[in-house]
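Below: one structure, written as structure tokens.
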Protein chains: 2
Amino acid sequence: MKKKPARRSSCPINAALESFGDRWSLLIIRDLMFRGRRTYKEFLESDEGIATNILASRLKSLKANGIITTRPDPEDGRRRIYALTKKGLDLAPILVSLVVWASRYERTSMPSALLRRLQDDPNFLANAAERQPN
Amino acid sequence: MKKKPARRSSCPINAALESFGDRWSLLIIRDLMFRGRRTYKEFLESDEGIATNILASRLKSLKANGIITTRPDPEDGRRRIYALTKKGLDLAPILVSLVVWASRYERTSMPSALLRRLQDDPNFLANAAERQPN
DNA sequence: CAGGATCCGTTTCGATACTG
DNA sequence: CAGTATCGAAACGGATCCTG
């Protein structure tokens, strides 16, 4: 009785859902990409209140999927620093699409000027996200 | 002991995740948007093999979130026809972003010529998706 | 103290049988 | 055909415990 592979579909959307198709992974990516958060503790402090075990499992999964990397903090050995890989940074257009859609249809607090920049200026994100290693 | 509403964050990504942030909703939207599927039965026939109860619950949720509509089939009273609303159709850029990302990093079967059209031709989708009511 | 593992009650998922 | 009921499996969420 194997795990039933069934999920193997060639649809690219499926491939993406396998990597971050749950409610927490995308929020972690957002924290890394837009909010400059980089450590376990900082992720825990996000408004949404992720549980410690869930956070650990998502970080592991994101790493296994090549979306983030991790390395020890040179200034504080017990701390680890998480960062987006190139593959992870390339998720930016998806995040932007999400934000643009949500801002059109849901009540959110994002100012429309910022939204326009996100849509119109392809370099805005690249500049906003400080350069990640790898 | 209330349910702890906690989830109320003003982050637009959260708003989007509330509407379709699970592994099935996006696939249903894909079926409606790109594959011309419109009935319960047709959704069930997708490769991924959604269970009937999950499909029903996701359709209900998508409707509650204003992403799809439903009406009886005029030609067959017991059948119902699902369609994307404007709000649902506006999710297209997100789907496209997902496809573009996945095709770059995951093995998928989507031909690159099609990908280029998806990226470069904003009207490609509008034409491909037959016009939905509402 | 930071990162993360373990335990455990609760919620959600998913496969199948069943109903209108 | 289009769902609902049932019930076991998996995931979640929170508290707590372990490790460096």
Side-chain angles (χ1 to χ4, degrees), chain A residues 1-9 14 17-28 31-32 36-65 68-83, chain B residues 1-9 14 17-28 31-32 36-65 68-83:
Chain A
M1 298 309 169
K2 303 262 316 268
K3 276 204 62 177
K4 172 182 262 196
R7 288 292 125 60
R8 288 293 150 266
S9 166
N14 258 318
L17 289 175
E18 308 259 336
S19 294
F20 54 88
D22 67 275
R23 66 173 285 105
W24 293 113
S25 296
L26 219 48
L27 295 176
I28 294 169
D31 282 352
L32 281 163
R37 304 205 171 149
R38 306 187 303 166
T39 67
Y40 192 85
K41 183 185 179 183
E42 287 170 351
F43 298 135
L44 278 183
E45 286 164 357
S46 271
D47 291 342
E48 290 84 7
I50 187 171
T52 63
N53 55 347
I54 306 296
L55 174 57
S57 84
R58 286 313 112 95
L59 288 171
K60 186 184 297 183
S61 153
L62 286 170
K63 184 175 182 184
N65 281 295
I68 64 173
T69 58
T70 176
R71 68 193 150 97
D73 184 341
E75 298 174 6
D76 180 350
R78 57 196 179 168
R79 185 175 316 213
R80 304 186 63 71
I81 298 201
Y82 296 90
Chain B
M1 300 306 172
K2 305 252 330 251
K3 276 206 61 175
K4 173 183 264 197
R7 287 293 122 60
R8 287 293 149 267
S9 166
N14 258 319
L17 288 175
E18 308 259 336
S19 294
F20 54 89
D22 67 276
R23 68 173 283 103
W24 293 112
S25 296
L26 218 50
L27 296 175
I28 294 170
D31 282 352
L32 281 163
R37 303 205 171 147
R38 305 186 305 166
T39 67
Y40 192 87
K41 182 188 177 179
E42 287 170 350
F43 298 134
L44 279 181
E45 286 164 355
S46 272
D47 291 342
E48 290 86 7
I50 187 171
T52 61
N53 55 347
I54 305 297
L55 175 56
S57 83
R58 288 312 114 93
L59 288 171
K60 186 184 296 184
S61 153
L62 287 170
K63 185 175 181 184
N65 281 294
I68 63 174
T69 57
T70 177
R71 67 191 149 98
D73 184 342
E75 297 173 5
D76 181 349
R78 57 193 181 169
R79 185 176 316 213
R80 303 186 63 71
I81 298 198
Y82 295 90

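Because only heavy atoms are used, hydrogens play no part in the values below, and waters and symmetry mates are left out as well, while side chains stay in. Chain letters run A, B, ... following the sequence lines, proteins first, then strands; residues in each count from 1.
Taking five base pairs at each end of the helix from dC1(C)-dG20(D) to dG20(C)-dC1(D), the local helix axes there meet at an angle of 20°, rounded to 10°.
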Next on the checklist: Assess the residue pair Y82(B) and L32(B) against the criterion (side chain to side chain contact (heavy atoms under 4.5 Å, CB included)); give the C-alpha distance rounded to whole Å, side-chain angles, the decisive distance to 0.1 Å, and a yes or no.
Outcome noted: CA-CA 8 Å; Y82(B) 295 90; L32(B) 281 163; 4.3 Å; yes

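Note that CD1 of I54(A) and CG of L59(A) are 11.5 Å apart. Values are rounded to the nearest 0.5 Å.
Rounded to an integer number of Å, the gap from R23(B) CZ to dA11(D) P is 11 Å. Look at CG on L27(A): it is 15 Å from C1' on dC12(D), rounded to the nearest Å. L62(B) has its CG atom 13 Å from the P atom of dG3(D), to the nearest Å. Atom CZ of R37(B) is separated from atom C1' of dA2(D) by 17 Å (rounded to the nearest Å). To the nearest angstrom, C1' of dG13(D) lies 13 Å from CG of L44(A). For the pair I50(B) CD1 and dT16(C) P, the interatomic distance rounds to 14 Å; values are reported in whole Å. For F43(B) and dG3(D), the CZ to C1' distance is 14 Å, given to the nearest whole Å. Distance D22(A) CG to dT11(C) P: 20 Å, rounded to the nearest Å.
By the salt bridge (Lys or Arg N to Asp or Glu O under 4.0 Å) test, R80(B) is found to be paired with no residue, residues two or more places apart in sequence or in another chain being considered. T39(A) is linked by a side chain to side chain contact (heavy atoms under 4.5 Å, CB included) to K41(A), E42(A), R79(A), counting only residues two or more places apart in sequence or in another chain. Not counting sequence neighbours, the partners of D22(B) by the salt bridge (Lys or Arg N to Asp or Glu O under 4.0 Å) test are R58(B). Applying the ring-ring contact (aromatic ring centres under 6.0 Å, His included) test to Y40(A) and every residue at least two apart in sequence or in another chain returns nothing. K63(B) is linked by a side chain to side chain contact (heavy atoms under 4.5 Å, CB included) to I68(B), T70(B), counting only residues two or more places apart in sequence or in another chain. Contacts of D73(A) classified as salt bridge (Lys or Arg N to Asp or Glu O under 4.0 Å), with partners at least two apart in sequence or in another chain: none.
Of the residues listed (I28(B), L27(B), T52(B)), the one engaging F43(B) in a side chain to side chain contact (heavy atoms under 4.5 Å, CB included) is I28(B), and it is the only one.
The side chain of W24(A) places no N or O atom within less than 4.0 Å of a non-bridging phosphate oxygen (OP1 or OP2) of dA11(D).
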Item to check | Base versus backbone protein contacts along nucleotides 1-7 of chain C [heavy-atom cut-off under 4.0 Å; B, S, -] | outcome: BSSBBBB

